[in-house]
Every structure is written in C-alpha cells, then in structure tokens.
Amino acid sequence: MSDFPDDMPFFDEPGAMPPRPASTPAPSGIAARAMAARQAPAAPDYLTGLNPEQRLAVETTEGPVLVLAGAGTGKTRVLTTRIAHILSQGRAYPSQILAVTFTNKAAREMKQRIGHLVGEAVEGMPWLGTFHSIGVKMLRRNAELAGLRSDFTILDTDDVIRLIKQLIQAEGLDDKRWPARQFAMMIDGWKNKGLGPAEIPEGDARAFANGKGRELYKAYQDRLQTLNACDFGDLLCHPIRIFRAYPDVLKEYHKRFKYILVDEYQDTNTAQYMWLRLLAQETGAPGQKNVCCVGDDDQSIYGWRGAEVDNILRFDKDFPGAVVIRLERNYRSTAHILGAASHLIAHNEGRFGKTLFTDRNDPEDGKVNVHAAWDSEEEARAVGETIEQLQRQKHNLNDMAILVRASFQMREFEDRFVTLGVNYRVVGGPRFYERQEIRDAMAYFRVVAQGADDLAFERIVNIPKRGLGEAAIRQVHDTARALGVPMLEAARNLAESDELKPKPRAALREVAANFERWQKALDNTPHNELAETILEESGYTDMWKNDRSAEAPGRLENLKELIRSMEEYESLRSFLEHVALVMDADKNEDLDAVNIMTLHSAKGLEFETVFLPGWEEGLFPHQRALDEGGRSGLEEERRLAYVGLTRAKKNLHLWFVSNRRIHGLWQSTIPSRFLDELPEAHVEVADAGNSYGGYGGGRQNPYGASRFDSVGEKSFSNTYATPGWQRAQANRTEATDRNWGSRSGHSVERIGYGETDSGFGAGRGSVKGRTIDGELIAKSVASEPSRFSVGDRVFHQKFGNGNISAIDGNKLTIDFDKAGQKKVLDGFVNAV
DNA sequence: TTTAAGCCCATTTTT
DNA sequence: TGGGCTTAAA
C-alpha cells in the first residue's frame, strides 16, 4: 500500500525537481539536435563515451524512435542515458517517464544504472518497472472499473490451476480428459492476445470441454471477480479494457507520461502491444508521441509464449515518421565470434538486417571451435577438461558458461563437475517463492491480509493435518457458495452449527479463531513478528520440525529466510505484492563457479568463455519447434543459436555428439544444420582426438552431406575442405528424397528418423512425419513390423555386436557382447 | 492417512 | 529411462 499513488498529487510538486546541471533552458526537437551537432560546449559528461549512433538514440527525445540494438551494442546504456538526459535537461520529472521492462532483473538494473547517472532522482521514478508491476499499479488505482476492490489478490499459476480444476469439476466434466493445466495455458494464450471470453475465436472455444471453452472462461473470470483476484494476464487486460471504456482515465495517463520507453520490444505480446499503443497515443501534449522502443528482432526467442516479432518489425508503420536507429557496433565479442553469429543469423528471412562489427582486431583471438564427441558423456568430459585447463591458466569459473538447449542436458555436466570437484551453479530452475513451504506460508499470510482469499484458505486449511478431509472441505466450500461468503466465514458458521462431526468441527473452530486473532493483530504487530507467530501457532513450523525427511531442515531454513526478508517491507501487504510479482531470488555471486543454464535464460548475459553443447538435429534445432512452428519455428531456433553465440566475449566452443540418449533410448544423431551455416573463415573444427565423431559408417545424413559428417575420421582433414561444404540448400531435399526412396532396401541402413515413436517430438502412437522448413519430408513407417526377430545377431554403431533378447514394436532389447543389455530402436542396428 | 504401484510424459519461462 | 502424479490398497 505504501506506493499507492492516490495519496500523492497527480502531478509532481517542484520539490521533486531533478538536478539540472545544464543551466540553459531545454530546447526541443530539431533545435536540440542542431545544438548537439555544433558541439555545445556544455555537453554533459554522461554523453561522453557514447558512439554517434548511441548518442543520436539518446538525444532524439521527441517523437517515436526505434532503436535496433544488436547484441552487445550498449542497449542498456542507451536506455539509461536517455532517461538521464531527459531528466537533466528538465524535459520531464521522474514521475512523468514510463519505462517498461520484461523482468524484474532488468528493471532493477536499469534503476541502478540511472541512479549512477542522476543520483536520487531515480527514487522519484514510480513508473519504471515491468509490464506487470506497472499494470498492477494502474489497476489498483481504478480497480472498481474492473469490478475489483483495490486490495485484490494476484494469483500465481498454481492457484489458477487449482481454481480451474474446481470449475471443471463443477461443470460435471472429467478433469482427466480436460486437464486444468491445459485450460490455464489456453486462457493465458487468450489473455496474451488481449481476448476476453466474448472475443475468443469460435474454434478455440469449441476445442475444450466439449465445446464449453467459452463458458468455462467466462465462469473463470466470474470466479476471479468474486474472489477479488486477478491472474497475471489480467494485470494488463483489465487496464486495456479500462482505457477503452473510460477515455478520461486514459487521458490522465496521456497527460502524465511525457516519455515512454520500452525495453526488449521484440518480446512484447499482443496485449502488451495494445496496452502500449493506447498509452502512446499521446505523451504530454496533443499530437506528441514520445515513444522509444529498444529491441533486437534477431533475439526474439519467446514466440512460443505469445511474443510477436511483428510488433517490432512494423514499428515504423505503427508510428509514422519514426526514427529508426541501428546500433551495430559491438563492444563484447571478438571478430570471429561476431562473424560466425552474423553469418548464421543471415539465414533468417523477415528481419531488419543488421550487421554487427567491431574495431577489435587482436591476432590472438581464436576462431570459434567446433568439436565432435562420440556421446554426451564424452562431451561433458571434454568440456570439463577444457574448463580445468582454463582454470589452471587462472581463468575464473564465473567467466565461463555452458548454455544448453534443454535442461535435461544439464545433468551430465553436473555429474561430471561433481566428480571433478569443479564448482558450478545452475541458473534458473526452481525458484525460492515456488517452493512448497514458501507457498504454504504465503497462503497463511494471504488469508490474514485478505480474508476472502479462498484459494489460499483451501491450500492450508488442512496443513498441517487437522483431520479435515475432503468431505469437510467440500462442505465449507458449498456453504460458502450458498451463502455467498468467503470460505473462512463459512468455516466459522459451520463450526457453530452441528452439521459436521465433532472432530472437524473443533478443527474448523480453531482455524477460524486463529485467523480472527491474527487478523486483529495485523494492525498493531510488526508484520514479520506476526508472520512468525502465525507459523508457530498454526503448527506449521512444528510440522516440519517433526518431519524426518532429508529436506525438512532446509525447508525450515527457507521459512526463516522468508521471515527475514519481510523486514525490508513496510507492511504485510506490500510484501505480498512483492512476492506475487517478483518471483526471482538472487544467486550466490561470491562463489567462483561455472554457470550452467538454458539458452533462454542466458539472454542478456555475457561470458568470457561459452560452451554450447548439443548442436544436433532434433535437439537444436529442436524437433518440436520444427514440427509445431514450421519455418518460423526454425527461424526462432536460429535466433536462439544466435543468442547463444553472441553471449561469448572471447572463447566459444560448440559441440555435437553422434549418439545421445533420449528418454532412455540411444539415438544416433547428426550435426545441427546450424553448424553448416557458420562461415568457414571464422570457425575451426577441433581435432576430435580418439573419438569417432563422424556420421560415417555408411549412414547418410538425410539433409545431404555435411562438412561435419566426417569430423574425426582420418580420411578427412580437420578443415572445411570437405566435399560437403559446398552443399547447396537445394541438394538437401534431393538427398533426402534419395535416402528415403531407398529405405525399403534392407541393405541401406536407416537412421532413426521418422520411424521412431519415442524420438524427439513425435507423439506416442501417432507418429508425425518430419517437418523441415515447414515441408513434410518423410512419412512415418512405424506400423511396419520389425525386420528383426528375437535371437538375431545384430551390430550397433555404439555398442558393437549383440543378440536381440526382446522386441517391443520397433524397440529392441539387445544383449551386447561388451556393453551389456541396452534398449535401442531397430533403425540403429544391422543384421550381421 | 500413509504407502506402493501404475501411468503418463518428456523444450524453452516471465510475470 | 526416470520423475511427478494419481489411484488403489492396507
């Protein structure tokens, strides 16, 4: 409630004036640029050190501006300096600037860096934050226009799923057949597009719950309203609806915001776009549109969660007369790394087209290294060796990162580092506020703060166990519905009646009495003390103290940490809001450790040395991205590769393996097409040593020969001078057809493609054809009976000779002479 | 209420 | 293959 702006004057009092180092009055528009151009003697120091493009992006304050900022070109610097510039020129008060980011981390960083430039004035920037945090702020001011009270609760995904499950059951639908999780995702998708129940496409509405999708969505929204709650999507959708229905509300914001800045514009979804467009119709004065969007279309990697690259691509159409500024001078990476990344990304269509360059020219800089390994174990071992080697040369582990496409790849590296005794940290992963004990504790607090929070109530009413079974909870639920009151109140009523058996009645009475007492204490007890009391008196801490499992002590520790962190907030409410919006917890930076994370979570980061393992078809690009996204899916994968490459400052190592175990089955893999899209001049194929990394042995790469087919084979040198290098794109399909055309001949070895029903992406039972560049290149033949029988002697590329001991469809269990019993797909073995 | 056995699933993730 | 989750049984 602390930052609830209603107690503040809408426009700022002069006391909030920013420092104004420039004593000259601020000229506007062209005049400003003209003055800058003639090198005004009093150029403030924050401008020094900017390159011309950056400076232009900072100083073009009036009118719409799109800054296309390539990786490592100083994007954040431009954004923060621009704000500092606006402030110190006296063009706006801090509270008249709307600055939006996607993540809390980005917002925090921005705030910090502006602080360095302008000092205290940052504190007066209440409208710097994530889309969602700003959305909440707006919604709280006008909650009643969305049918909510201003103290509404924000539900997390967990709550949402439980709520939807209840609704599905209430409709008399089978919650197995219609999973709540799936419907939650559908709702999320609709809200990403800004669609309410009435606006969703008929097809979507029919696709769920026997055609009841729309009704269910409606029921969900109604339920949220009675609960006085919002989901994440609503934090933007409600404001959009309010802006449209109440122009005077929007008008106020138009008057208020003189400058709008948006970070990572390529990641905006349709709802965010609509929200922004409404606000950006006017900034400060009639006809004025001071919107500055910063982004990089080449780093758009969140299409799968609703981001529309199109938003950035059509910026100049949305805002006619927009100035487009390209930042292409890279300050991060070596020329080789940039060359490799640029060449790769050039394979994408539908992009603005930027070419990163650098002045850096150090002959010491090595090329990008491509390595082959036999399997993922060897891959991890080799990466580990390189890391130890670097460590011996006094490199910090903190400066190294392993970026994987999918998190299952992490395990092998972790295992390896454990045996080597190398420190590592996994970035991302399950977060503090998502832990069970934290959520439970938060549920207690939520009920205390907002008695109508039924979802929170239901979560903890029987935790710790109080003998309140399903039946009793159902009764509370039904009573609450019947009386139209929150469950807490219904519980109180029931405890006084004799509708329940003595045991649950007593339990309910105690719970109700507890909450009543805590709620009373809320106003006159420091909230962190109260929180501790709640957890003690409810028996929640005891529950974990009595728990003998290995995690219990850690959970108690987390609860302590939770209480400790509450001190920083002035009220229970503001703490709850913080947790709802800021789900991240900080990692231990003190420890020197190798960073392991997914490519997605690496966006925005940089490391001296980067390892990119798993560059194989099916994994990267991921088969599922190709199947579901066609050509645009492939392009997004390529952008992901680009993001990966551009994280590296000096050293970059790419890896691919010939064999990988997927879902317990060994699959033979072929090098990623992205490897072939790297330019020869900047890449070095590292010696594979003893390992046989080639895609040889008579198999054929269905995408046509690749220059990586024979890495490690002695008949070829380790260079690019392999025959496959000149492979034309057209040959790819041709070669593929040839390959598949001959598949019925037993002499031709088959690779695992198409026939697998457990391979990448293919669904069980219903095997899809494989799609590359959006075209179907091969149909599955899963129905084909296995050409082997039990007892057959076969040869496997990885495991050698063995006898088949069992056959399950196309899955063979084979007793190998050397490797022991393994399960493999029949496509990977040959009759001997 | 707790434990064991079957069952389904298997990119990426922020708020 | 292996983890998370639901169901069935004690």
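Throughout, a chain's letter reflects where its sequence line sits, starting with A, and its residues are numbered from 1.
Residue A:Leu403 contributes atom CG, which lies 13 Å from atom C1' of B:dT12 at whole-angstrom precision. Protein atom CD of A:Gln182 is 11 Å distant from nucleotide atom P of B:dA10, rounded to whole Å.
Taking the side chain of A:Lys176 as heavy atoms from C-beta on, and the options C:dT7, B:dT14, B:dT11, the nearest nucleotide is C:dT7. The side chain of A:Arg411 has C:dG2 as its nearest neighbour among B:dT13, C:dG2, B:dT11. Distance from the side chain of A:His622 is smallest to B:dT11 among B:dT15, B:dT13, B:dT11. The side chain of A:Thr103 lies closest to B:dT14, out of B:dT12, B:dT14, C:dT1.
Residue ring and base: A:Trp304 counts as stacked with B:dT12 (centre distance below 5.5 Å, interplanar angle below 30°). Applying the 5.5 angstrom centroid cut-off and the 30 degree plane-angle cut-off, the aromatic ring of A:His600 is not stacked upon the base of B:dT12.
In this model, no side-chain donor or acceptor of A:Arg305 finds a partner on the base of B:dT12 within 3.5 Å.
Between A:Asp156 and A:Arg439 there is a salt bridge, since at least one side-chain N of the basic residue sits less than 4.0 Å from a carboxylate O of the acidic one. Comment: A:Glu636 engages A:Arg639 in a salt bridge, judged by a side-chain N to carboxylate O separation of less than 4.0 angstrom.
Side chains of A:Gln166 and A:Glu458: a donor on one and an acceptor on the other come within 3.5 Å.
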